[in-house]
Amino acid sequence: MDKFLVSPPPHAHSPRTTASLMRDVIIALLPATIVAVVFYGWSLVLVLAVSVASCVLLEWAICKWLMKRPFECPEAAVVTGLLLALSLPYTTPWWVVLIGAAFAIGVVKMTFGGLGQNVFNPASAARVFLLVSFPSYLTHWEMPQRLFGADAVTGPTVLSLANEGGTQALANLSQMGWHPLFAYVGGSAGEISVLALLVGFAYLLLRRVVKIWIPLSIFVTVAAVSAVFHAIDPVTYTGPIFNLLSGGLVLGACFMATDYVTSPMTSKGGVIFGFGIGLLVMMIRYFGAYPEGVSFAILLMNMAVPLIDRWCHQPKFGREE
Amino acid sequence: MRKLTFPIGGVHPEDMKYSRGHAIEVLPLPPVVYVSVAQHLGAPAVPCVAVGDKVKTGQVVAEPGGFISAYVHSPVSGTVKTIGPRADIAGRPVTHIEIVVEGDEWMEGIDLSEDLVTEIPTDREAVLEKIKACGVVGLGGATFPTHVKLNPPKDAKAECLIVDGAECEPYLTSDHRIMVEKPDQIVVGAAIMQMVLGGCRVVIAVEENKPDAIAALDAAIGRLGYKNIEVATLKMKYPQGSEKQLINAVLGRQVKSGALPISVGAVVQNTGTVLAVYDAVQKNRPLITNVLTVTGDCISGDRMHNYLFRIGMPLSYIADYAGGVPADAAKIVSGGTMMGKPIANLDAAAIKGTPAILYLSEEVTRRKPEGSCIRCGRCSDACPMGLEPFLLNRLYKADDLAALKENAVQDCIECGCCLYSCPSFIPLLDNIRMAKAKVKKL
């Protein structure tokens, strides 16, 4: 009998592992990645490659030489690399991407203890780090050549137009090729197609990788806040449809705010977390100095997660009144 | 028809019930049996035979050792060879009565015919005494003496008897088989319990993956015509067979933490127990047989069996009869994959509540190395008690017993859903068990 295992139950395990969950997130990001690559071409491939490769290699190196422990889940580093690349313009120079990836993994993730230990979402934090360090590369975008013929056009993002000039400035957007669900020109690479992002997110929901509460709460809050402001002053304040579909909102809400590590454990906590993000996004968009606030909002709410978790517990069996 | 289930947590492992189509086979008698005196929850029974005594099948060989204890009967006829310690499935020494088998001569007064006895006795005390005398214990896992459970405090009123036919553990099919093959006996047994509990409603709750059992029970209820007995279909979800979850599913009521099911008017009895009560009350047959499943992921369907075994048969004897231990079995379990007990000693004897011999391959059962918690919350989602296993694990590591108590660690029913779900293979349940033991000592 000595050749048999004797260990306490359960004796079998769900097929879901951390690696398989992260693989699902990668699959969910593929539609948006593919659409973006089709639109932006090789420049974006370079951004993606630098971002993903440096995230993975850096985490491997830190695990091997600094922390001296196994590199647990390369898939998680791939997700960070993908998200960072998709939240940058395709024109970002490779060395800026490299700095961003080094910050995401080296500072935001590994200094806090690595997988599962970080307070902030690495991709959001790196995007904000690059935004404040290299604003020129991140706020002005070149129109992709594929769409507009031979000459590259430099232009502001729709959100910076709205931030500076209100809704009036948006009037001629449709002439610039702006369509809310698909060809959204001028923005981070991953924002090119809201539809592709939503398809990916639907996959995550179907596979039960994440729950809908955080993104839903963000969308409802953004829609409600912008509807109220837009009703009060439609000239100064942009409306709900525009705010839901522009900027990194869908990318941030569906893929960054839902990061397991940096979001609350309970659904109730997720609703509060999402409400906070939605409110902060709108405050930054309407009143802030920066045109776009999704990454900032996520980071600010990341800080509130321990507090939310302390407060929100799921109902216990036979202990509720 | 509306399918019932419990609202909090739970997991959906594949049911793996490949042995569901195998009719119950009767195992032949081994040359020797080893009858344990600790086949039930509570005080071990005290042997009342001496070495050299001749015993008959069904004769009492050990008497209750306390209020919560049970009679143990000889499963065979023969001669008592030794009385002394022998290793149980965990390898712990327990007093066993070794009986050399000489034929199969049953005690007088035991009805061995298959004739169905449908008349329900009316003397409650006599029925309880009979159940006690026949050594009936709960066969759903806890082996709690049935006569105690059927006799709630005077001030408590049973409103509903739930017969647990959920059999939510993967692989196990013994309850399924008895429901298909002996539905009349189960319904009569349930009616007897109904009488004992003062005429309450009876719900036989069966998971939807056993449509033939549901149909057989429905037909039996129609045939026999007892009042206030019904079958309820449950959705498939583990741990539906757990007492509190089953009550929640069927009655929509939650038993308060630390309270007994009777506090919400419920009594839960396993199907196997109900059949044992039928045998005891209507046939005067003591609990010396039960059905177990031989199954696993590393044996093919034709090597799976549902066996009617006698208590005291060495598990190795049963395994050999079923074709031997498969070469690629890495772990042998007495029970299902979620809550079964690991078998450290296959020479141990079967007891009243032995549910299965389950062979698991290395691939299925070997634990992967523990990873980091990624705070995915799957453990909390899976916990049917609404606990937060990740938090309990952390508090256990910090040795914060007060916080463990505050976070209801003692409510854990050890169903294993947290460890089953954890994508990082963190030994949540192992640590929570140790935390429970520490908190209990406070």
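Lettering of chains follows the sequences in order, A, B, ..., and the numbering in each one begins at 1.
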Region of [X] in contact with chain A, defined by heavy-atom distances below 4.5 Å:
X       : value
V364(B) : both
F390(B) : side chain
N248(B) : side chain
V325(B) : side chain
C373(B) : backbone
L358(B) : neither
L387(B) : both
A329(B) : both

Output the distance between atom [atom1] ([X]) and atom [atom2] ([Y]), rounded to the nearest 0.5 Å.
X       : Y       : atom1 : atom2 : result
Y18(B)  : M304(B) : OH    : CE    : 7.5 Å
Y171(B) : I357(B) : OH    : CD1   : 15.5 Å
L392(B) : D400(B) : CG    : CG    : 11.0 Å
D259(A) : L83(A)  : CG    : CG    : 8.5 Å

For residues [X] and [Y], determine if any side-chain heavy atom of one lies less than 4.5 Å from a side-chain heavy atom of the other.
X       : Y       : answer
L260(B) : V255(B) : no
N393(B) : K397(B) : yes
Q245(B) : M385(B) : yes
Q410(B) : L404(B) : no

[X] side chain to [Y] main-chain N or O, any donor-acceptor pair under 3.5 Å?
X       : Y       : value
S424(B) : S372(B) : yes
H12(B)  : K237(B) : no
S51(A)  : G81(A)  : yes
N407(B) : V409(B) : no
K405(B) : V439(B) : no
T33(A)  : L29(A)  : yes

Between [options], which has the largest tally of heavy atom pairs under 4.5 Å with chain A?
options                            : value
L391(B), T337(B), L419(B)          : T337(B)
P342(B), G91(B), P13(B), G377(B)   : P342(B)
M338(B), R366(B), K244(B), Q254(B) : Q254(B)
G340(B), S421(B), P7(B)            : G340(B)
G386(B), G371(B), A259(B), P384(B) : G386(B)

### Query
Who among V261(A), N118(A), V210(A) has the most heavy-atom pairs with chain B under 4.5 Å?
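Heavy-atom pair counts peak at V261(A).
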
#### Entry: For chain B, the option from R16(A), H11(A), E72(A) that forms the most heavy-atom pairs under 4.5 Å
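Most heavy-atom pairs within the cutoff with chain B belong to H11(A).
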
Using non-hydrogen atoms only, which part of [X] is less than 4.5 Å away from chain B: side chain, backbone, both, or neither?
X       : result
Q314(A) : both
V209(A) : backbone
P315(A) : backbone
L21(A)  : side chain

### Proximal to chain B - members of residues 263-277 of chain A, heavy-atom separation under 4.5 Å
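Within residues 263-277 of chain A, the residues under 4.5 Å from chain B are S263(A), P264(A), M265(A), T266(A).
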
### Query
For R127(A) and S87(A), what are the C-alpha separation, side-chain angles and deciding distance, and is it a side-chain hydrogen bond (donor to acceptor under 3.5 Å, both in side chains)?
CA-CA 7 Å; R127(A) 189 191 131 83; S87(A) 66; 5.1 Å; no

### Message
Counting only heavy atoms not in R69(A) (residues, nucleotides, ligands), do more than 12 fall under 6.0 Å from its CZ?
### Response
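More than 12 within 6.0 Å, yes.
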
### Query
Of all residues at least two apart in sequence or in a different chain, which pass the side chain to side chain donor-acceptor pair (under 3.5 Å) check with R375(B)?
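Listed in chain order: D309(A).
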
### Query
When the ring planes of F112(A) and F120(A) are compared, do they come out parallel, tilted or perpendicular, using 30° and 60° as the limits?
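Ring orientation, 0 to 90° scale: perpendicular.
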
### Query
salt bridge (Lys or Arg N to Asp or Glu O under 4.0 Å) with K368(B): which residues, sequence neighbours excluded?
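Scan of K368(B) (salt bridge (Lys or Arg N to Asp or Glu O under 4.0 Å), adjacent residues dropped) gives none.
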
### Query
If contact means a heavy atom pair closer than 4.5 Å, which residues of residues 425-433 of chain B contact chain A?
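F425(B), L429(B), D430(B), R433(B), listed by number.
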
